[in-house]
Participant: 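I have a structure here, written as C-alpha cells, and I will follow up with some questions on it.
The first residue in the sequence is number 1, and the count goes up from there. Just so it is clear, the model here is predicted, and its values are computed rather than measured. In each ligand, atom 1 is the first atom listed, and ligand 1 is the first ligand listed.
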Amino acid sequence: MESFMGMKAKAEALDAKDPLGAFRERFVIPQGRVYLDGNSLGLPARDSIEGVLRVLEEWKTLNIDGWLEGRIPWFNLPEEMGRRMAPLVGALPQEVVMSGSTTSNLHSLVLTFYQPEGKRRKILADELNFPSDLYALASEIRLKGGDPATDLVLARSKDGSTLEEEDLIALMDETVSVVLLPSVLYRSGQLLDMERLTRAAHEKGIFIGFDCAHSAGSVPHRLHDWDVDFAFWCSYKHLNGGPGSPAFLYLNERHFGRDPGLAGWFGYVKEKQFDMKIDFEHAQSAGGWQLGTPSVLSAATLEAALKIQEEAGIDRIREKSLRLTDFLIELVDGFLSDEPYEYSIGSPRDHGRRGGHLAIEHPREAWRICCALKARGIVPDFRPPRVIRVAPVALYNTFTEVWELARALKEIIEKREFERFPKERSAVS
Ligand SMILES: *Cc1c(COP(=O)(O)O)cnc(C)c1O
C-alpha cells in the first residue's frame, strides 16, 4: 500500500491532469485556507463580482427602465435563469423558474398538490430531512385543518444516517397524498433513487417532490424523464450563487394547469401582468408559481456563477466530484480509521447512492475536531452529534487540498489539538 506521503504525490499527479483544474482560477480562493464548505455556501466566482457591479450600473443609469432594458431585462430574469438552469436538472426550459427561497418554494409547490380528501390526508417525509422542511410541512397540514401528529408520516432510518428506498416505498399507501424527500440527505450525503421513488409513488396515485438543495449543481438529474411532479432547490450551495441568492423551482409540465398553491402577481401571464386585472390568471409554465418581484441584485452573482457551471458541464462536475470523495474515502480507510484516530465514513460508498459531500464521523470529538480544523484554516462544517461534513467541490477544490484535510485530521489526533477547544457549540456551525 501507498504511504501517507505517497498519497500526497498521488494527489499532486491527479491535480496536474485534472480536466477541470483551470476553473479554480475563476473563483476567489481564500488565502491560506482550505475551503471545504461549498455545500453550505459556495465560494464567489470572480465573474460574480463583475456581475453585481454591472447590475448596480444598470440601476444607476437605467433606473426603472432596467426592467426592460437591462442586459438581461430584469422583468424576464426569473424565466431566463430558469431556462438556463433547466439542463442542469434535466428539465424542460419552461419547467424551471428562479423564485423566492427553498422554503417558500416548498410551500407554494406542496400546497399546489396537497389537497387532503377522504382517507388520503397524509404527507410522507423522513426523519432525517432538513428540519425547516418538516416545520413547513407541519404548518401546511395545520393550515388544511389536519394534525401533524397523525398526518405527517416520517420514514425512520435504521442506522441514523441513511434511508432505504424499500422502507419509503412501503409507507406509500392510499392514505398518502404527497411525498416530499431530499434528493441528497444533508448530513450523510446519501443520494436517493429519485426515479425509483417517483415510479413507486405514481403507482399508488401519490404526488412526489424532491428538495434538491444538496444535489443541484453537483449531481445530474433527469427530473422530467423521471416524471417527478415538483422540485425546488437553493442556489447558494453547490451553485455558488452567494449568500441568500434566489432559489429555483421545477414543476412538471403536466401540472401547468393546476392552481398555484400560493399566488402572486409575478405568476401572472407575463404579457398581461401589467393589465392589473383583479382576477388571477397564472402563466402556463413554472413561471406561474412565482410570487413577487425577483431579487435582481442577488441574481447577478448567481447568473455569473451559473455560466461557469454551464461551461464545465454537470457530467464533468459529477465525475470529478466522485473522484474527490473517493480519494478522501481512500485516505480515511487507509490511514485514519484505526486507533488512535477512529474516523469513519458515514456516507454511502456506492457512487449511485452518494452526493457531493462526505460525512466523516468521529465517535466522541467531532465538534472539537471541527474547531481544530478551523484553527488550522481548514473549513468543514459540523452536524451534530458526530459528523464532520466536507464537500470537496469539483469547480474549485483540489486533490491536494483533500490530502491536506487528511493530514490535519491525522495530526489533530496525534497532537491532541482538539483538547484546546471548549465542548460547547457556537450558534452557526
Ligand atoms: C439548505 C437547505 C434549505 C434552506 O432553505 P432556505 O429557504 O434557503 O433557508 C432547506 N432545505 C434543505 C434540505 C436544505 O439543504
Participant: Show the atoms of ligand 1 that are less than 4.0 angstrom away from any heavy atom in H214.
Facilitator: 15 (O)
Participant: Can a donor-acceptor pair be found between the side chains of S215 and H221 at a distance below 3.5 Å?
Facilitator: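 There is such a pair (donor and acceptor under 3.5 Å, judged by atom type) between the side chains of S215 and H221.
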Participant: Are a donor atom and an acceptor atom from the side chains of E80 and N76 found within less than 3.5 Å of each other?
Facilitator: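 Judged by distance alone, the side chains do not pair up.
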Participant: Side chain, backbone, both or neither: which part of A213 has a heavy atom under 4.0 Å from ligand 1?
Facilitator: side chain
Participant: So which heavy atom in the protein is nearest atom 15 (O) of ligand 1, and how far is it from that ligand atom?
Facilitator: K237 NZ, 2.5 Å
Participant: Please say whether D133 places an N or O atom under 3.5 Å from an N or O atom belonging to ligand 1.
Facilitator: yes
Participant: On the 0 to 90° scale, with breaks at 30° and 60°, tag the W233-F248 ring pair as parallel, tilted or perpendicular.
Facilitator: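 Ring orientation of W233 relative to F248: parallel.
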Participant: Can an N or O of T103 be found at a distance shorter than 3.5 Å from an N or O of ligand 1?
Facilitator: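 Yes, since at least one N or O of T103 sits under 3.5 Å from an N or O of ligand 1.
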Participant: Could you list which atoms of ligand 1 come closer than 4.0 Å to a heavy atom of Y236?
Facilitator: 1 (C), 4 (C), 5 (O), 6 (P), 8 (O), 9 (O)
Participant: For W265 together with F274, are the ring centres under 6.0 Å from each other?
Facilitator: yes
Participant: Where on F130 is there a heavy atom closer than 4.0 Å to ligand 1, on the side chain, on the backbone, on both, or on neither?
Facilitator: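 It is the side chain that gets close, since no backbone atom is under 4.0 Å.
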Participant: Looking only at non-hydrogen atoms, find the nearest pair between V176 and V179 and report the distance.
Facilitator: CG1-CG2, 4.1 Å
Participant: Quick one: nearest non-hydrogen protein atom to atom 13 (C) of ligand 1, plus distance?
Facilitator: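 Looking at atom 13 (C) of ligand 1, the protein heavy atom closest to it is D211 OD2, 3.1 Å.
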Participant: Would you call R54 and E50 a salt bridge, using N to O less than 4.0 angstrom?
Facilitator: no
Participant: Side chains of S235 and S245: donor-acceptor distance under 3.5 Å anywhere?
Facilitator: yes
Participant: Considering the heavy atoms of S101, write down every atom of ligand 1 situated less than 4.0 Å from one of them.
Facilitator: 7 (O)
Participant: Quick one: does N129 get an N or O within less than 3.5 Å of an N or O on ligand 1?
Facilitator: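 Among all N and O atoms of N129, none is under 3.5 Å from an N or O of ligand 1.
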